[in-house]
Enquirer: 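Before we start, here is the structure in question, set down as structure tokens.
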Amino acid sequence: MNKSSIRERINALREQINYHNRKYYVEDAPLISDYEYDQLTAKLKKLEKEYPELIVPESPTQRVGGEPAKEFKTVEHAVPMLSLDNTYSKEEIIDFDKRTRKGLDEDNIEYVVELKVDGLGVSLIYKNGLLIRGTTRGDGVRGEDVTGNLKTIRSVPLKININDVKLNLFEVRGEVYFNHLDFKKINLQREAVGEPLFANPRNAAAGSIRLLNPRITVLRPLKIFLYNLRSENNGLFNTHFEALKMLKTLGFRVNPNIALCKNLNEVFHQIDKWQEKRRSLNYDVDGLVVKVNAFSQQYVLGATSKHPRWAIAYKYPAEQTTTQVEDIMVQVGRTGSLTPVAKLKPVTLSGSTVARATLHNEDEIKRKDIRIGDMIAIEKGGEIIPKVLRVLFEKRSGNEKIFSMPKKCPVCSAGVYRPGGEAVLRCTGTACPAQLKERLQHFASRKAMDINHLGSQLIGQLVKKGMIKNFSDLYLLKQNDVAGLERMGGKSAKNLIEAINKSKKAGFNRLLFAFGIRHVGERAAYLLSNNFSSIKELKSASKEKIASIHEIGPKVCESIFYFFAEKKNVQVINKLEKLGVNMESILNKKQKNLLQGKQFVLTGTLTKYSRDEVKELIINAGGRVTSSVTKNTDYVLVGEKPGSKYEKAKTLNINIINEEAFEKISGLF
Ligand code: IVH
């Protein structure tokens, strides 16, 4: 085959795949089996592998591409993404209609009523038929560029056929969401690996779209409904309803439940119709959106600084019911937070059985005066766990019991304390089983003890099998113990034990940071290691001595105090010391203060060190790393292909150094 016939073959396959993609993901009406679809994709992949020069970003094989972002760029929306004003009653809709009539000075107004899907608003921009950018709403003026993640959503077309329409540049807006089943699956997976659960599908969607690595987003089956089309050539259609039809024709996924209403009564009919029916949908709908249909009228009405005057949201009230508090239990979260939870007499609410309600913290219980045995009113919005509205005091019998938070952790019985200014009680035990996995992960992480090969999966197994009950048990592990674990061979067991042994040398500041003491981050750990010779000395230091250290605030001071006051923690430290874990600072005195107070900015690709290594070196020597160049910057460390920070440093006359110069000033060489 010659090159041009290969190109034709590839294009034909792409068109075929796009067509079936649309049938499956957008129209929910597949024409071929999954197997046949996979065969087509496999053929295309094979050809693209043979002829990589023919790969284009809009090819259906390229939905996940590129490197994970370090952070999202923010971009300004061409037209601000306004939010809708909310209403909760028909009276308010009547007011909206009156305002609209007055604003237009005419009576002939049609409304389009749509479902208000509870997800995350996004914008997609297409140029010459290709998706060129996707952003979040952000603050309405600027959003985050999440193109890579939006491309992973199968119902987002990468390429649109615009041959028949003059739409060279256009923007569509819509809502990204999870359906109920997928949301449940995600939370089950998260539970299995000990990750915190998403409170509702909206949070899950927002979290997934903001993941830095599209390879992880692609594992989350997000969906999208588009509800707005705007182009330079809006003359193509005169009404919102026509624009929605056009969106559908172009291959976008548009919610099928759209009503064109000739008058307010028809709008009310929609409100009544969806009141209950919305619960039969497999995604969250928290209300309806009422929009003036004619673009000419929308234009006349315009917008306030926050909301368009031509549209309004009608929100259904959250459903409420009453039940009895049978007991109040305390859960310990993976970060050591103690949360009181009401055990309820089971009731049906918004179509599901409710047996628990979160009480948040002890202040909330006091404020609402919730007692065991009380009858309460509860409400369920979009959240899985309902909230308590109020106590039905008139139903009290006098036998209700006042609840108080425990003095010890209900899981590990270590002391609990309430950090100043915070509402939540926390367990101080580093070996608390509720927190152990999370704590071990932090302990092993790169900036802490840097134990390579000790990932979350392995930690899960070690904790589950009871092989590790606290940090010090790590240093007792033998190669043979771990070799038998899942996904572990002799070689990886050996690597792991070596990495654990190596971490013994990490030293004071890393070890202190690794303990995961609340508020003690890298910088605080460094400052403390710079002012005390060893962890032992810090342990016996007075609160006053710790508080006198420059930059160490009362919160850090308090956390340190409670941490060392817990006997179980001291026992773990003693064991660690016995097992040969270094408790002292590894920096020499000279190095420690060498960069005291100096501010650094990094730009470009470094070759000798990673960015994290450089940051650590700077922090450990008393300096700081900031993200933008200002007149307070002392040094700009420049690598290959530096960015605009380099130019800025030149104009501000800041010291520009390369890696060799950095080694000299930081005392490395
Ligand atoms: S129209 C200026 N239509 O609800 C018009 N919004 O504040 C803006 N939403 O952030 C949006 N379904 O993310 C519109 N059919 C729908 C919608 C919808 C959900 C979201 C949107 C917006 C919020 C309203």
Side-chain angles (χ1 to χ4, degrees), residues 180 183-184 187-188 190-192 194-204 276 279 284 286 316-418 422-429 432-436 438:
H180 292 149
F183 169 67
K184 262 196 196 138
N187 263 353
L188 280 175
R190 289 175 79 82
E191 198 170 13
E195 282 180 49
L197 301 190
F198 287 120
N200 54 43
R202 175 171 31 85
N203 288 355
E276 284 307 317
R279 299 199 200 290
D284 277 358
D286 62 345
Y316 289 110
E319 214 182 302
Q320 298 178 2
T321 188
T322 61
T323 185
Q324 190 174 28
V325 179
E326 290 184 333
D327 201 357
I328 295 179
M329 295 157 319
V330 175
Q331 287 182 344
V332 184
R334 65 201 172 92
T335 57
S337 56
L338 271 63
T339 312
V341 176
K343 182 168 172 284
L344 306 176
K345 193 166 177 192
V347 275
T348 311
L349 183 61
S350 307
S352 58
T353 308
V354 169
R356 290 183 325 152
T358 169
L359 301 174
H360 301 289
N361 55 56
E362 56 182 335
D363 289 354
E364 170 102 347
I365 299 180
K366 277 205 191 101
R367 197 167 53 78
K368 290 188 176 155
D369 189 15
I370 302 168
R371 302 180 188 180
I372 298 169
D374 266 336
M375 287 300 294
I376 53 167
I378 57 172
E379 175 181 283
K380 197 166 166 185
E383 274 66 40
I384 318 176
I385 301 180
K387 65 175 180 205
V388 178
L389 293 173
R390 61 177 188 284
V391 170
L392 308 177
F393 293 110
E394 66 280 11
K395 298 252 166 99
R396 274 207 177 147
S397 67
N399 293 331
E400 291 76 14
K401 276 194 289 191
I402 293 181
F403 168 83
S404 49
M405 289 294 275
K407 301 273 175 292
K408 295 209 169 298
C409 170
V411 175
C412 75
S413 72
V416 296
Y417 82 110
R418 186 169 161 170
E422 289 179 32
V424 176
L425 275 175
R426 290 192 182 270
C427 163
T428 55
C432 177
Q435 309 166 54
L436 189 56
E438 188 87 0

Enquirer: Do Arg396 and Asp374 meet the salt-bridge criterion of a basic N to acidic O distance under 4.0 Å?
Expert: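 Yes, charged N to carboxylate O under 4.0 Å.
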
Enquirer: Under 4.0 Å between a side-chain nitrogen and a carboxylate oxygen: does that hold for Arg418 and Asp363?
Expert: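 Here Arg418 pairs with Asp363 in a salt bridge, since their nearest N and O are under 4.0 Å apart.
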
Enquirer: Just to verify, what does Arg390 make a salt bridge (charged side-chain N to carboxylate O under 4.0 Å, His left out) with, not counting sequence neighbours?
Expert: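 Partners of Arg390 by the salt bridge (charged side-chain N to carboxylate O under 4.0 Å, His left out) criterion come out as none, since no residue qualifies.
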
Enquirer: Rounded to the nearest 0.5 Å, how far does NZ of Lys368 lie from CD1 of Ile376?
Expert: 9.0 Å

Enquirer: For Ile328 and Ile372, work out which heavy atoms get closest and say how close.
Expert: CG1-CG1, 3.9 Å

Enquirer: Identify whether the distance between the nearest side-chain nitrogen and carboxylate oxygen of Lys343 and Glu326 falls below 4.0 Å.
Expert: yes

Enquirer: Of His180, Arg279, Arg202, which is the lone residue that meets side chain to side chain donor-acceptor pair (under 3.5 Å) with Asp284?
Expert: His180

Enquirer: Side chains of Leu344 and Val354: closer than 4.5 Å at any heavy-atom pair?
Expert: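 A side-chain contact exists here, since the closest heavy-atom pair is under 4.5 Å.
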
Enquirer: Are Asp369 and Arg367 within salt-bridge range, i.e. N to O under 4.0 Å?
Expert: no

Enquirer: Considering non-hydrogen atoms only, spot the tightest contact between Glu319 and Leu349 and give its length.
Expert: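 Heavy atoms only, the tightest pair is O-CD1, 3.5 Å.
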
Enquirer: Pro386 versus Glu379: any side-chain heavy-atom pair under 4.5 Å?
Expert: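 No, their side chains stay 4.5 Å or more apart.
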
Enquirer: Distance under 6.0 Å and angle within 45° of the ring axis: does Arg190 meet both against Phe198?
Expert: yes

Enquirer: Show the nearest heavy-atom pair for residues Val411 and Ala434, with the distance to one decimal.
Expert: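 That would be CG1-N, 3.9 Å.
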
Enquirer: CG of Asn200 to NZ of Lys380: how many Å apart, nearest 0.5 Å?
Expert: 11.0 Å

Enquirer: For Pro406 and Val330, which heavy atoms make the closest approach, and how far apart are they?
Expert: CD-CG2, 3.8 Å

